[in-house]
Amino acid sequence: MSELEALLARAEANGVHDLRGRVPVLDGRVLRDKVALLAAVGAALDFPPYYGHNWDALEECLNDLSWRAGPALLAIVHADALAAEELATLTDIFALAAESWRQQGRACGLILL
């Protein structure tokens with residue numbers, strides 16, 4: 001069971017949680033290729049203009065976040081519509097960044113639906 005599943009399994013978490021406007025949501029069905037995916041992620045997380053729209057740039061920006069206050073959370077609905085290799089790379093990059101930020105006490109995560 002993941003940490004999120006464990007958290008949501010606790011009765012204390014019961015209720016309605018309105019995340020609209022707090023967690024950007026992308027639709028995997030419209031992210032047809034790597035270019036579209038990386039552009040959408042950058043826009044959703046307000047990456048700075050120097051963001052290079054490639055995997056290295058994504059990793060660099062996720063590990064910096066100096067321009068963004070608060071949590072760096074992103075949700076992708078219909079994530080199964082993404083190409084398997086792109087989804088695997090995206091999740092690997094987010095997982096590493098999330099672990100780094102966890103150690104620093106900042107929320108960072110990717111939610112796949």
Participant: Considering non-hydrogen atoms only, spot the tightest contact between L73 and P24 and give its length.
Facilitator: O-CD, 3.1 Å

Participant: Between atom CD of E60 and atom CG of N54, what is the distance when rounded to the nearest 0.5 Å?
Facilitator: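 Rounded to the nearest 0.5 Å, the CD-CG separation comes to 9.0 Å.
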
Participant: Which distance, rounded to the nearest 0.5 Å, do you find between the CZ of F94 and the CG of L74?
Facilitator: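 Going from the CZ atom of F94 to the CG atom of L74 covers 5.0 Å.
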
Participant: So, for H53 and L38, which heavy atoms are closest and what is the spacing to 0.1 Å?
Facilitator: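 Looking at all heavy atoms of both residues, the closest pair is O-CD1, 3.4 Å.
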
Participant: Honestly curious: do L112 and L58 fall in one hydrophobic cluster under the side-chain, below-4.5 Å linking rule?
Facilitator: yes

Participant: Do the side chain of R106 and the main chain of P71 share a donor and acceptor less than 3.5 angstrom apart?
Facilitator: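 Not a single qualifying donor-acceptor pair exists.
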
Participant: More than 12 heavy atoms of other residues, nucleotides or ligands under 6.0 Å from CD of E85: yes or no?
Facilitator: no

Participant: CG/L82 to NZ/K34 distance, rounded to the nearest 0.5 angstrom?
Facilitator: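 Rounded to the nearest 0.5 Å, the CG-NZ separation comes out at 14.0 Å.
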
Participant: Which pair of heavy atoms, one from L45 and one from R68, lies closest together, and at what distance?
Facilitator: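 Where L45 meets R68 most closely, the heavy atoms are O-NH1, 3.3 Å.
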
Participant: Nearest 0.5 Å please: distance from the CD atom of E59 over to the CG atom of L96.
Facilitator: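 These two atoms lie 6.5 Å from each other.
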
Participant: Show, in sequence, the C-alpha distance, side-chain angles and deciding distance for V41 and L62, and conclude whether the side-chain contact (heavy atoms from CB on, under 4.5 Å) test is met.
Facilitator: CA-CA 10 Å; V41 171; L62 278 177; 6.0 Å; no

Participant: Test I76 against every option in V25, L87, L90 by the side-chain contact (heavy atoms from CB on, under 4.5 Å) rule and name the one that passes.
Facilitator: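 Testing I76 for a side-chain contact (heavy atoms from CB on, under 4.5 Å) against V25, L87, L90 leaves exactly one candidate, L90.
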
Participant: For the residue pair N63 and S100, establish whether any side-chain heavy-atom pair is separated by less than 4.5 Å.
Facilitator: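 Yes, side chains in contact.
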
Participant: Give me the atom names and distance for the closest heavy-atom approach of E86 to L37.
Facilitator: CB-CD2, 4.2 Å

Participant: Closest heavy-atom contact between Y50 and D64?
Facilitator: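 Heavy-atom minimum between the residues: OH-OD2, 3.6 Å.
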
Participant: Less than 4.5 Å apart, any side-chain heavy atom of C61 and any of P48?
Facilitator: yes

Participant: If only atom types and distance count, is the side chain of W101 paired as donor or acceptor with the main-chain N or O of G109 below 3.5 Å?
Facilitator: no

Participant: To check you understand the geometry: which heavy-atom pair defines the closest contact between L31 and A36, and what is its length?
Facilitator: CD2-O, 3.7 Å

Participant: Is the F47 ring parallel, tilted or perpendicular to the Y51 ring (thresholds 30°, 60°)?
Facilitator: perpendicular

